[in-house]
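These numbers come from a predicted model, not from an experiment. Remember, it's 1-based here, ligands and their atoms both numbered in the order they're listed.
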Amino acid sequence: MIRITVDGRLYDDEVEPRMLLVHYLRDRLGRTGTTIGCDTSNCGACTVLMDGVSVKSCTVLAVQADGCEVTAVQGLQGLTDGDLYPLQKAFHAHHGLQCGYCTQA
Ligand code: FES
């Protein structure tokens, strides 16, 4: 059993010990804004905030997020009163796709 807050909503869930956080977010919670770009922990497309620290959710087990507050991309707007988060604005302004690593300002 894990208790996790995702984008301000509390979830109590039973998960497989080997389930990755990215799969929990996408497959269990339907939060498909968190994408899987490489599945080899290189791209960063799966990045979420876990207790305010960015993590690649494909390298974190869902059980490791037990008791944590996770902010996925959909939750960023909740931090800015419905406006785009500064990172989202930068992606939009510079045509960033997926992780945005190849995007130049
Ligand atoms: Fe590429 Fe996680 S899916 S780093």
For this session: Say whether, by atom type as modelled, one donor and one acceptor occur between the side chain of Thr35 and the main chain of Ala45 under 3.5 angstrom.
Result: yes
For this session: For residues 16-28, pull every pair meeting side-chain hydrogen bond (donor to acceptor under 3.5 Å, both in side chains), keeping only residues two or more places apart or in separate chains.
Result: Asp13-Tyr24
Exercise. Does a side-chain heavy-atom distance below 4.5 Å link Val6 with Arg31?
Worked result: yes
For this session: Determine, using the 4.5 Å side-chain heavy-atom cutoff (strictly less than), whether Val15 and Tyr11 are members of one ILVMFWY cluster.
Result: yes
Exercise. Just by distance, do the side chain of Lys56 and the backbone of Ser41 share a donor-acceptor pair under 3.5 Å?
Worked result: yes
Problem set entry | Residue of the set Leu21, Val63, Leu10 for which side chain to side chain contact (heavy atoms under 4.5 Å, CB included) holds with Ile4 | Leu21
Problem set entry | Polar protein atoms near atom 2 (Fe) of ligand 1 [N, O or S; cut-off under 2.8 Å] | Cys46 SG, Cys58 SG
